[in-house]
Amino acid sequence: MQELMKKYLRYLPHRFCAGCGNGIVLNCFVRAIDQLKLDTDSYLCVSGIGCSSWIPSPYLNLDTFHTLHGRAIAYATGAKVANNKLNVIVFTGDGDGAGIGGNHLIHAARRNIDLTVLLLNNYTYGMTGGQVAPTTPHASLTSTSPYGNPERPFDLCKLVEAAGATYVARWTVFQPRALIKSMKEAILHKGFSFIEILSPCPTEYGRRNQLSIRDYLNYFKELSNPQGNGSKIPLGVFVKKEAPEFCMQLNLIKMKAQGKRGEKID
Amino acid sequence: MEYQTFFSFFRIYLSPIKKYQEDYGILMKPGRYLVLGDIACAEGAIYAGCSLFAGYPITPATEIAEYLSRRLPECNGYFLQMEDEIASSAAIIGASWAGAKAMTATSGPGFSLMQENISYAYHTETPIVIVVVQRSGPSTGQATYPAQQEFYQARYGAHGDYESIVLSPNSVQEAFDMTIRAFNLSEMYRLPVILLMDGAIGHMREELIIPKPETIQIEYRYKLGDPQTRENQILPMGQFGEGHKLLVTGSAHEISGKRNYAPEVHSATIRRICSKISNASDIIEIESRYLDDAKAVIISYGISARPAYGAVLALRKKGIKVGFIRFKTLWPFPDIILQKLMNEDINHVFVVEMNNGMAVREVQRVIKNAKIISVTQLGGVIPSMESIIKKVEAQMECKN
């Protein structure tokens with residue numbers, strides 16, 4: 001791990017709270033790209049605003065692009081189209097990716113652009129102090145739902161699948177090995193890849209809902225047990241299929257437009 | 001029947017494009033054309049080396065997107081129609097950091113949506129070009145009518161401290177020339193540049209003369225690792241995928257990109273970014289005529305400068321000595337140049353614009369020793385020559 005740290009991280013320690021899942025995801029991601037052995041210059045890590053967006057920026061020693069709240073996927077789309085060779089990974093959260101940035105999420109999935117979106121779902125807006133999010137379970141307590149959340153949460157995997165994503169998975173930070181494997185698959189997959197990672201937030205969400213970090217881990221353990229997880233939140237890879245990728249389509253259009261003139265460019 | 005009518009319209013509309021494609025290859029051949037202002041702007045972008053456009057349909061800027069969706073793939077570029085203007089402006093910033101010269105085009109409502117991203121572009125010093133074809137607001141307003149109401153939004157619309165470059169064309173020819181200039185300035189200064197057109201110029205067909213490509217000066221940003229450096233504290237720009245391990249962030253940062261909230265670091269960054277523009281001498285362009293013997297002067301910009309100039313000529317024929325000033329650069333505001341242009345005999349200054357009086361406030365700030373009269377035209381209408389003449393005559397008689 002010392003070696004990996006030197007190779008891929010700008011500096012440590014990170015500033016995540018005790019019990020936060022961000023460190024585990026950072027760890028898993030570093031291991032995944034180390035095992036993939038792709039050119040590290042080809043990685044571009046884009047993030048928005050929120051706790052999860054601090055995973056790549058400033059810690060990862062790769063090209064990192066810390067953008068605006070909710071807009072990471074839109075920035076990533078521009079960068080990926082302008083330079084198709086980049087391996088673009090978007091780190092986002094539930095508020096960032098599904099709340100303010102929900103529109104960009106579904107449209108990127110619809111285009112099937114070759115991005116890898118790692119969405120950390122901690123059920124709340126952690127950075128601003130634990131407000132109700134589009135993924136907060138019904139009736140749970142947050143700083144802006146003191147009487148219990150009146151809304152119902154998103155099922156993000158179903159949403160993204162319906163929008164047209166070609167790789168969709170959900171894991172918890174309790175399953176690092178499966179998560180690393182899935183990250184590698186998602187990065188190599190040609191098309192829109194989406195991994196929802198359930199992550200604990202004991203500081204903001206757990207505190208108000210009497211969930212200690214131990215309760216979180218037990219809950220994730222229960223979810224990850226195939227026998228004990230009947231009607232609850234399913235985990236695993238839900239979609240893995242081939243479909244025309246957006247950047248390739250754009251390059252075909254270029255050839256079509258240039259072919260008409262009978263000249264070949266590039 | 002209906003389909004055929006539509007089809008024939010479409011063919012007429014697109015026929016010039018098809019002609020360039022068949023006859024002239026990538027760039028429109030030098031020569032004289034009769035085209036829309038929007039298309040002149042789009043063709044200017046291609047001449048300037050734009051390789052990615054991201055946009056969202058909005059009247060009266062849609063033609064720029066339509067034209068580029070056809071032309072950019074021909075010229076080895078990419079056209080993206082995004083889900084909204086927020087995503088459009090985000091995508092061009094992403095593309096710019098990936099090495100492209102990128103542009104978007106919109107009108108007032110879309111420009112409002114882009115402001116947060118524009119602020120990000122100022123802080124991360126990202127070269128992008130935003131074309132705003134102004135229409136009559138507020139809100140949906142008179143969507144198909146022209147106006148000049150984004151004079152202040154183009155300067156102060158986004159949050160935070162920054163200085164901006166805003167250009168204002170008043171003909172189809174200038175839509176072409178100034179689009180190229182906007183790209184050049186954005187690359188030279190490593191900042192977003194706004195081309196503030198209006199619906200009248202965007203939707204006007206007029207002569208466009210395309211000069212020989214070799215006579216057009218095209219600028220490129222200095223990249224990280226290049227031996228040359230620019231003056232004026234303009235930093236070389238890194239590019240994703242080239243091994244620089246860039247740290248790009250909208251948070252307060254050091255020159256390296258590392259986040260740092262220290263008061264002295266952030267204030268130094270802001271002052272450096274602002275000084276790039278406030279210390280520059282080659283940004284401001286201004287047109288002035290008949291000022292030597294002028295007793296009064298009419299100031300205008302954009303489409304309203306055309307009837308204003310007509311009024312100047314007509315008034316001079318009547319023997320009233322009126323001068324003419326047109327801002328080609330709206331921001332940075334030409335404070336010093338404007339003061340120098342004012343001679344002591346000028347005691348009336350008329351500011352003609354298609355809003356409720358915006359540029360007139362800046363003129364009031366700069367010119368102290370003359371009476372300043374705001375000539376405004378609302379309702380999505382270009383002010384008529386007669387209305388300007390009437391206003392000038394009324395004021396001048398008053399004085400006499």
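So you know, we letter chains A, B, ... as the sequences are listed, proteins then strands, and number each from 1.
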Please report the C-alpha distance between S199(A) and N122(A) in whole Å, then the side-chain angles of each, then the deciding distance to 0.1 Å, and finally whether the side-chain hydrogen bond (donor to acceptor under 3.5 Å, both in side chains) criterion is met.
CA-CA 5 Å; S199(A) 171; N122(A) 62 359; 6.0 Å; no
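- Between the side chains of Q153(B) and S112(B), a donor-acceptor pair is found at a separation under 3.5 Å.
- The residues E187(B) and R221(B) are annotated as salt-bridged, a charged nitrogen and a carboxylate oxygen being separated by less than 4.0 angstrom.
- Contacts from residues 244-259 of chain B to chain A, taken as heavy-atom pairs separated by less than 4.5 Å, involve H244(B), K245(B), L246(B), L247(B), V248(B), T249(B), G250(B), K258(B), R259(B) in sequence order.
- Chain B forms the most heavy-atom pairs under 4.5 Å with one residue out of G101(A), A76(A), A79(A), and that residue is A79(A).
- Between chain A and the options A98(B), A91(B), A90(B), G99(B), the largest number of non-hydrogen pairs under 4.5 Å is found for A90(B).
- Relative ring orientation between H14(A) and F16(A) is described as tilted, the plane-to-plane angle lying within the 30° to 60° band.
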Step by step, work out the side-chain hydrogen bond (donor to acceptor under 3.5 Å, both in side chains) result for E116(B) and S119(B).
CA-CA 5 Å; E116(B) 191 190 10; S119(B) 180; over 6 Å; no
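- At a 4.5 Å heavy-atom cutoff, the contact between F240(B) and chain A is made by backbone and side-chain atoms alike.
- At a 4.5 Å heavy-atom cutoff, Y43(A) makes no contact with chain B through either its backbone or its side chain.
- Among the candidates T40(A), D41(A), T77(A), the residue making the largest number of heavy-atom pairs closer than 4.5 Å to chain B is D41(A).
- One N or O on the side chain of T124(A) and one on the backbone of Q131(A) form a donor-acceptor pair closer than 3.5 Å.
- For chain B, the nearby part of L44(A) is the side chain; its heavy atoms alone come within less than 4.5 Å.
- Interface remark: of the candidates I73(A), D39(A), N251(A), N251(A) forms the most heavy-atom pairs closer than 4.5 Å to chain B.
- In this structure, D63(A) contributes its side chain and G243(B) its backbone to no donor-acceptor pair below 3.5 Å.
- Comparing L86(A), V81(A), I253(A) by how many heavy-atom pairs each has under 4.5 Å with chain B, the most go to V81(A).
- Chain A is approached within less than 4.5 Å, heavy atom to heavy atom, by L52(B) from residues 48-57 of chain B, ordered by number.
- A salt bridge links R111(A) with E83(B): at least one charged nitrogen is closer than 4.0 Å to a carboxylate oxygen.
- Heavy-atom distances place both the backbone and the side chain of N117(B) under 4.5 Å from chain A.
- A salt bridge is defined here as a Lys NZ or Arg NE, NH1 or NH2 lying under 4.0 Å from an Asp or Glu carboxylate O, and K6(A) with E3(A) fails to meet this definition.
- No donor-acceptor contact under 3.5 angstrom links the side chains of K241(A) and Y167(A), judged on distance only.
- Annotation: maximal heavy-atom pairing with chain A below 4.5 Å, among I86(B), I92(B), L72(B), occurs at I86(B).
- In the displayed structure, M248(A) atom CE is contacted under 6.0 Å by at most 12 heavy atoms of other residues, nucleotides or ligands.
- Looking only at atom types and distance, the side chain of E204(A) has no donor-acceptor partner in the side chain of Y125(A) under 3.5 Å away.
- With hydrogens and angles disregarded, no donor-acceptor distance shorter than 3.5 Å links the side chain of S53(A) to the backbone of S47(A).
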Given the rule in the salt bridge (Lys or Arg N to Asp or Glu O under 4.0 Å) test, do K223(B) and E242(B) qualify, once you have shown the distances and angles that lead to the verdict?
CA-CA 11 Å; K223(B) 286 164 83 174; E242(B) 295 203 327; 3.6 Å; yes
